[in-house]
*Asks:* 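Have a look at the structure that comes next, please.
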Amino acid sequence: MTRATTVRAVLAAAVLLVSLFVTLTMSPRLGLDLQGGTRLVLQAKDSPTAKADRESTDRTVEVLRQRIDALGVAEPTVTRSGEDRVLIELPDVTDPREAAEVLGRTAQLTFHPVLGVPDDAAPDPKPKPESESEPDSESEELVLPDESGGRLRLGASDLSGAGVKDARAEFDGQRGAGWSVSLDFRDDASRDWTRLTGEAACHPPQDERRRVAIVLDEKVISSPQVSPSVTCGAGLPSGTTQITGSFSADEAKNLALLIKGGALPVPVEVVEQRTVGPTLGAEAISASARAAVIGAGLTALFITFVYRLFGGLAALALAGYTLISYAALVALGVTLTLPGLAGFVLAIGMAVDANVLAFERAREEYASRSGRTSRPLRSALAAGFRNARTAVVDSNVTTLLAAGLLFGLGSGPVKGFGVTLAIGVLVSMFSALVIARALTEMAAGSRFVTDFPGVNGIGLRGRVRTYLTRRAPQLFRRSRRWLGVSTVVVALAVLGVTLRGLNLGVEFTGGRLMEYTTSRPVGIDTARTALADAGFADAEVTTAGERELSVRTGDTGDRAEAAIRDALSAEGGATTKVRDDLIGPSLGDELRRHALIALGIAVGAQLLYLAVRFRWSFAVASVTAMVHDVVILVGVFAWLGRPIDGIFLAALLTVIGYSVNDSVVVFDRVRELWARRPGSPLLPAARAAVLQTVPRTVNTGMGALFILTALAVLGGDSLRDFALALLIGICVGTYSSVFTAVPVALEMESRRKDGGPTRQRQRPKAGRGRSADNGARV
């Protein structure tokens with residue numbers, strides 16, 4: 001065993017041991033879509049006294065954090081998102097109405113002297129227009145509705161809620177006072193309170209002016225009379241008062257919470273709300289786990305069947321990849337969301353790609369070296385990993401670009417998918433280039449493994465390679481025909497988008513999407529009729545099963561949601577909400593804009609990177625194939641009427657990375673073969689490169705298809721569209737990397753004057769890194 005192999009083995013063992021320790025001692029951080037709970041995005045708004053900027057939003061975050069802590073939610077998350085948004089995650093809170101009401105109130109608490117009642121102060125249960133509630137610039141008076149339905153004229157505020165040191169809900173059952181809120185003032189505020197009550201005490205009992213108004217968010221919640229025992233000017237010296245008003249226990253506790261937490265510096269508005277029931281999250285974890293086990297097992301069996309012993313060792317390295325990836329997610333504190341979990345499962349299938357690339361190159365090297373050296377297996381294996389390194393790096397960099405776009409321009413769960421995909425790509429390279437290589441190099445040192453090609457798997461030509469060698473198809477003699485086929489398919493996809501339109505999800509259009517389970521089966525027509533009778537005739541209703549209903553409406557409030565649930569309960573019995581997504585129209589426009597920006601940046605970034613690494617013609621050809629794949633995938637979803645949402649965006653950007661990944665592998669081989677004959681036409685090198693890389697393309701695609709099929713069949717409704725999009729993308733991407741990208745490159749190169757590649761600085765030596773120059777030997 002060489003020194004390099006020993007170093008790789010020690011490094012692999014150390015990383016695996018650390019990963020095992022992390023896995024056994026740390027727990028994953030599950031997102032709300034997996035453990036159940038509510039996710040809120042609040043938009044800060046400008047007010048007459050404050051601007052919604054980074055500073056005021058940071059203060060808003062602190063106030064909201066105090067309110068949430070007082071609510072008793074376990075392990076909440078409160079962070080600023082951008083300049084003026086606040087992201088709140090509340091685990092185990094599946095009915096967000098009360099929480100949203102408490103969190104969204106500005107809680108501007110002020111204390112005012114009562115100047116009397118307006119001249120036309122007949123009791124009026126309706127509040128006056130907002131303009132009438134504004135203070136007069138000269139008299140600094142304002143008129144507000146009081147707790148009894150009348151109205152009061154109030155003087156300028158003498159004391160604000162910032163002077164309150166503590167607020168608590170109390171129950172006085174002995175005197176029949178019920179629930180009230182007791183306030184303790186700070187030192188300076190205590191003196192202001194004494195002065196305010198002393199001035200009110202100068203008026204006779206029962207006089208309106210002997211009252212002190214306590215105002216919360218421009219509404220008088222209590223206006224108690226100062227006790228007759230308090231003399232004029234003396235006031236209440238204790239610094240403590242009570243707010244009474246026939247509160248229930250919850251109302252008193254929430255009011256105390258608002259006052260104690262402090263006032264929000266700026267108003268906030270709920271622009272996104274997602275609620276997932278714990279049952280749905282548990283089912284998603286279970287379904288994804290089954291898909292991962294079955295898909296990974298099938299992938300391991302397949303790669304073992306194709307590459308025999310070395311394939312089995314690669315499958316063992318795949319298990320190590322799974323352990324390291326999971327440990328990295330846990331150690332970094334990455335929140336594992338449902339799309340992130342899907343990305344983790346998908347990356348298992350993609351992790352075999354680097355091994356397949358190396359093994360296929362090793363097979364070529366073994367065939368060319370056999371009989372010329374005494375130990376061809378070890379040298380062929382080393383050359384296979386060495387020559388596959390550039391293709392592995394280039395193809396994975398393109399996937400990392402897609403993952404970076406998902407993280408930078410995605411939101412919520414899509415960000416988690418981007419992080420998971422990036423970690424998976426990096427760990428897959430370590431798994432292939434360190435773990436798998438160390439295992440296979442140690443096995444290659446055995447004479448038994450060396451002497452029996454049928455055991456090691458590298459000495460076998462492979463069925464795909466054997467078939468192509470016998471048939472030797474003369475590809476691309478009429479490359480424009482392949483471009484014509486691609487053009488027709490793209491035209492059909494565009495026709496689907498034109499005729500059928502895109503079924504944009506609520507993330508891109510704004511609105512509300514709710515999913516319910518009922519105790520009795522409810523037909524879709526029955527559900528639609530029930531909702532129409534309840535006043536929701538425009539609601540879109542779909543079913544995912546006999547007892548599962550999905551309702552999509554415009555931007556509705558929580559009362560409307562409760563009415564929808566009641567209408568369904570009347571037909572289906574006990575109705576449980578398992579999912580609730582609310583996206584404001586402004587946020588929907590922003591997400592749609594970000595999706596288009598992400599696609600544009602993806603195209604530009606891939607084009608720039610490939611132009612640096614390859615020729616411009618190869619870069620343009622790869623990006624053309626990528627756009628071809630994107631248009632077809634979108635068109636198929638348009639024809640099928642499947643939703644275009646954030647999960648689809650994650651799948652689409654993944655397809656972009658996979659498509660360019662395939663093209664990079666092909667053009668990397670084209671570059672290698674063409675550089676050996678500078679000045680020669682591109683066609684022979686392109687044909688040979690495609691024939692040599694077909695085994696890798698087929699074997700890698702099969703590994704990913706096992707995983708995706710398992711996700712589509714076993715992953716549940718939440719992952720079915722995600723898996724379907726990737727299945728379509730991989731099939732189309734495999735086709736386009738050969739029959740779209742290569743013909744485009746041939747057409748572009750046929751118009752160039754130089755006619756060939758730039759000569760490399762150092763030509764490969766004979767017998768090292770060498771493979772077929774034409775289609776005669778593959």
*Asks:* The criterion is salt bridge (Lys or Arg N to Asp or Glu O under 4.0 Å); which residues satisfy it with Asp53, sequence neighbours excluded?
*Replies:* none
*Asks:* Measuring from atom CG of Leu159 to atom CZ of Arg195, what distance do you get when rounded to the nearest 0.5 angstrom?
*Replies:* 9.0 Å
*Asks:* Using the test side-chain contact (heavy atoms from CB on, under 4.5 Å), find all partners of Ser248 that sit at least two apart in sequence or belong to another chain.
*Replies:* Asp250, Glu251
*Asks:* How long is the gap from CG on Leu568 to OG1 on Thr517, to the nearest 0.5 Å?
*Replies:* 10.5 Å
*Asks:* Run the numbers on Arg80 and Val86 for side-chain contact (heavy atoms from CB on, under 4.5 Å), then give the verdict.
*Replies:* CA-CA 4 Å; Arg80 177 172 53 81; Val86 180; 5.5 Å; no
*Asks:* Listed by chain and number, what are the salt bridge (Lys or Arg N to Asp or Glu O under 4.0 Å) partners of Asp84, not counting sequence neighbours?
*Replies:* none
*Asks:* Phe648: what forms a ring-ring contact (aromatic ring centres under 6.0 Å, His included) with it, not counting sequence neighbours?
*Replies:* Phe637
*Asks:* Mind listing the closest non-hydrogen atom pair of Asp184 and Arg168 along with its distance?
*Replies:* OD2-NH1, 2.7 Å
*Asks:* Classify the angle between the aromatic ring planes of Phe185 and Phe111 as parallel (below 30°), tilted (30 to 60°) or perpendicular (above 60°).
*Replies:* perpendicular
*Asks:* Quick check: closest heavy atoms across Lys253 and Trp179, and the distance to 0.1 Å?
*Replies:* CE-CH2, 4.4 Å
*Asks:* Search all heavy atoms of Ala527 against all heavy atoms of Val541 and return the closest pair with its distance.
*Replies:* CB-CG1, 4.0 Å
*Asks:* Step by step, work out the side-chain contact (heavy atoms from CB on, under 4.5 Å) result for Val419 and Leu332.
*Replies:* CA-CA 10 Å; Val419 174; Leu332 295 175; over 6 Å; no
*Asks:* Under the side-chain contact (heavy atoms from CB on, under 4.5 Å) criterion, do Leu196 and Asp192 qualify, and how do the steps go?
*Replies:* CA-CA 6 Å; Leu196 177 61; Asp192 293 336; over 6 Å; no
*Asks:* Is it true that a side-chain atom of Ser519 and a backbone atom of Gly572 form a donor plus acceptor pair closer than 3.5 Å?
*Replies:* yes
*Asks:* Listed by chain and number, what are the salt bridge (Lys or Arg N to Asp or Glu O under 4.0 Å) partners of Asp566, not counting sequence neighbours?
*Replies:* none
*Asks:* Could you tell me which residues satisfy side-chain contact (heavy atoms from CB on, under 4.5 Å) with Thr518, sequence neighbours excluded, listed by chain and number?
*Replies:* Val522, Arg547, Leu549, Thr575
*Asks:* Tell me every residue that passes side-chain hydrogen bond (donor to acceptor under 3.5 Å, both in side chains) with Thr110, counting only those two or more places apart in sequence or in another chain.
*Replies:* His112
*Asks:* Could you report the tightest heavy-atom contact between Leu183 and Ala167, atom names first, then the distance?
*Replies:* CD2-CB, 3.7 Å
*Asks:* Are Val117 and Leu152 packed together at the side-chain level, in the sense that at least one heavy-atom pair is separated by less than 4.5 angstrom?
*Replies:* yes
*Asks:* With rounding to the nearest 0.5 angstrom, report the CZ to CG distance, Arg153 to Leu144.
*Replies:* 12.5 Å
*Asks:* Mind checking the OG1-CG spacing from Thr553 to Leu531? Nearest 0.5 Å is all I need.
*Replies:* 9.5 Å
*Asks:* Who pairs with Arg209 by salt bridge (Lys or Arg N to Asp or Glu O under 4.0 Å), at least two apart in sequence or on another chain?
*Replies:* Asp207
*Asks:* When you compare the side chain of Leu142 with that of Val215, does any pair of heavy atoms fall below 4.5 Å?
*Replies:* no
*Asks:* If only atom types and distance count, is the side chain of Ser550 paired as donor or acceptor with the main-chain N or O of Thr542 below 3.5 Å?
*Replies:* no
*Asks:* When you look at CD of Glu170, are more than 12 heavy atoms from neighbouring residues, nucleotides or ligands closer to it than 6.0 Å?
*Replies:* yes
*Asks:* Using side-chain hydrogen bond (donor to acceptor under 3.5 Å, both in side chains) as the criterion, list what pairs up with Arg552, not counting sequence neighbours.
*Replies:* Thr509
*Asks:* With a 3.5 Å distance limit and no angle check, can you tell me whether Arg210 reaches the backbone of Gln225 through a side-chain donor-acceptor pair?
*Replies:* no
*Asks:* Among all residues two or more places apart in sequence or in another chain, which pass the side-chain contact (heavy atoms from CB on, under 4.5 Å) test with Ala534?
*Replies:* Phe536, Ala567
*Asks:* Between CZ of Arg565 and NZ of Lys577, what distance do you get to the nearest 0.5 Å?
*Replies:* 5.0 Å
*Asks:* How long is the straight-line distance from CD1 of Ile88 back to OG1 of Thr38, given to the nearest 0.5 Å?
*Replies:* 11.0 Å
*Asks:* With sequence neighbours excluded, what pairs up with Glu208 under the side-chain hydrogen bond (donor to acceptor under 3.5 Å, both in side chains) test?
*Replies:* Arg211
*Asks:* Could you walk me through whether Val230 and Thr197 pass side-chain contact (heavy atoms from CB on, under 4.5 Å), step by step?
*Replies:* CA-CA 8 Å; Val230 179; Thr197 53; 5.5 Å; no
*Asks:* Which heavy-atom pair separates Ala213 from Val220 by the least distance, and what is that distance?
*Replies:* CB-CG1, 4.4 Å
*Asks:* Suppose we screen for side-chain hydrogen bond (donor to acceptor under 3.5 Å, both in side chains). Which residues come up paired with Ser227, at least two apart in sequence or across chains?
*Replies:* Ser229
*Asks:* Just by distance, no angles: are the side chains of Thr526 and Glu571 close enough, under 3.5 Å, to form a donor-acceptor pair?
*Replies:* no
*Asks:* When you measure from the side chain of Asp46 to the backbone of Ala52, do you find a donor-acceptor pair of N or O atoms at a distance under 3.5 Å?
*Replies:* yes
*Asks:* Can you name the nearest heavy-atom pair linking Ser27 to Val330, along with the distance?
*Replies:* O-CG1, 3.7 Å
